[in-house]
Amino acid sequence: MEKTWANHGVDLHLDLSRTRARAGLEAALRDAIRDGRLAAGTRLPPSRALAADLGVARNTVAEVYAQLVAEGWLGARTGSGTWVTGHAAPVTHSPAPAPAPRPLRYDLRPAAGDVSAFPRRPWLAAARKAWHAAPDRALDYPDPRGTPQLRAALAGYLARARGVTVTPDRVVTCCGFSHGLALLCRVLRERGAAVLAAEAYGHRAYWELARAQGLRVAPVPVDDAGLVPDRLDGAGAVLLTPAHQFPLGMTLAPARRRAVAAWAADGAGVLIEDDYDGEFRYDRQPVGAIQALAPERIVYAGTVSKSLAPGLRLGWVVLPGHLADDVVAAKAASGAAVSALDELALAELITSGGYDRQVRHARLAYRRRRDRLAATLARQAPQVALRGIAAGLHAVAELPPGLSEAAAVRRAAERGLALDGLSAYSAPGFARGPALVIGYGRPAEHGFTTALARLCATLAPPR
Ligand SMILES: Cc1ncc(COP(=O)(O)O)c(C=O)c1O
């Protein structure tokens with residue numbers, strides 16, 4: 001017998017058995033309180049009214065109320081009626097529920113940087129200024145390549161800061177690198193490419209994006225000098241993080257840079273350069289874009305996900321001439337574009353020098369964190385080897401014998417700390433020794449010390 005009890009200001013769906021109305025009502029009320037459909041403080045209808053609603057004897061309801069009052073689910077006082085208390089006495093002999101998993105308050109996974117450090121004021125000032133200056137047509141459907149202001153600003157910035165060979169007409173904005181990659185894969189597939197070669201360590205999500213566009217992903221080995229370039233046969237394109245391999249952290253060795261650029265220049269396939277954190281180089285001059293070695297065969301891709309915040313969903317691709325029109329058409333067909341407001345704000349931030357200031361500021365802050373991470377681990381967990389720390393917002397921590405990735409991730413979770421193992425970022429069959437990918441850029445500044453302490457407690461050798 002399904003009933004909706006809707007009188008007395010409370011809507012509640014109850015599923016009662018005809019034969020066992022009392023047990024059914026008792027269980028239904030307990031369930032409704034336990035799962036929050038009846039919140040603490042909710043007044044229940046008088047027993048006479050509920051009995052009439054449900055078509056059961058008044059005594060049945062009165063007995064149920066009395067039982068639930070005795071168990072602590074309900075409260076009752078003469079003259080004040082019956083209400084939900086929201087806390088029940090231990091009721092039955094059923095086993096105690098498993099303790100809720102500890103919330104992961106601290107996060108050292110490498111997905112993003114410190115979003116609490118987003119330059120809100122400079123961003124708002126840039127947005128205000130850009131919008132005052134923008135003509136009405138900036139509010140119309142945008143140019144599918146992106147606003148002219150941002151494409152011009154990016155062309156200047158990328159040539160200056162990253163050594164990219166670029167003019168504004170070769171820049172297309174997209175909703176983050178992921179969107180740009182999906183567009184490229186679609187175009188390459190339509191042109192007959194079947195295989196995307198990708199470093200055997202990277203984001204599985206990007207491999208999935210390529211597969212969704214119909215490409216087969218072929219993992220290519222990576223050694224201490226980066227991707228092994230003589231393993232690209234048969235690929236129509238290769239996806240590469242040459243300035244700072246994600247997640248292992250090495251820079252592609254100069255001879256290999258020349259070799260992959262020559263592979264692309266010879267027309268074997270298109271190279272997609274993912275320059276996701278190129279601004280964050282600590283130990284020497286930034287490594288310039290590989291794109292400049294063969295601009296008509298290499299796609300350069302960038303994003304604000306590390307330098308500002310991934311929530312903006314703002315990235316760009318710099319395209320060889322032979323790909324430009326098709327990628328623009330694919331972008332228009334994808335239906336996705338960056339908001340003109342955000343594009344104009346970023347353009348203003350770049351041209352006013354605010355973006356450079358933010359990058360300099362963030363680089364210093366992340367470098368300090370990297371130094372603290374290295375020094376603290378050296379002191380407290382010397383058996384852990386830290387790799388890939390010359391750049392970026394993450395490092396790889398190689399675990400000592402006897403500590404598996406799964407155990408380290410579990411131990412960290414028990415301390416409220418989220419960590420990722422390296423195997424989450426490797427293609428099947430390419431697992432290295434156990435290691436963690438530590439996104440030291442991620443916590444807010446005030447949480448970094450505690451996150452570090454919990455990491456050390458996780459990794460420190462047993463006493
Ligand atoms: C290797 C790599 N590429 C690209 C990106 C950026 O992707 P998106 O711009 O889609 O956020 C990230 C994450 O920030 C990354 O780790």
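In listed order, ligands and their atoms are each counted from 1. Along the sequence shown, residues are numbered consecutively beginning with 1.
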- [ ] Give a yes or no on whether the ring-centroid distance for Tyr366 and Tyr282 is below 6.0 angstrom.
- [x] no
Open item on the list: Does Arg160 have more than 12 heavy atoms from other residues, nucleotides or ligands lying within 6.0 Å of its CZ?
Closed with: yes
TODO: For Ala451, enumerate each residue passing the side-chain contact (heavy atoms from CB on, under 4.5 Å) test, keeping only those at least two apart in sequence or located in another chain.
DONE: Tyr106, Leu108, Leu417, Pro443
TODO: Give the protein residues with at least one non-hydrogen atom closer than 4.0 Å to an atom of ligand 1, ordered by chain and number.
DONE: Ala111, Gly176, Phe177, Ser178, His203, Tyr206, Phe246, Asp274, Tyr276, Thr303, Ser305, Lys306, Arg313
- [ ] Sequence neighbours left out, what pairs pass salt bridge (Lys or Arg N to Asp or Glu O under 4.0 Å) with at least one residue falling in residues 124-143?
- [x] Lys129-Glu348, Asp143-Arg145, Asp143-Arg151
Task: Pairwise salt bridge (Lys or Arg N to Asp or Glu O under 4.0 Å) hits with a residue in residues 218-229, at least two apart - done: Asp223-Arg256
TODO: Compute whether any side-chain donor of one residue and acceptor of the other, for Arg370 and His394, lie under 3.5 angstrom apart.
DONE: no
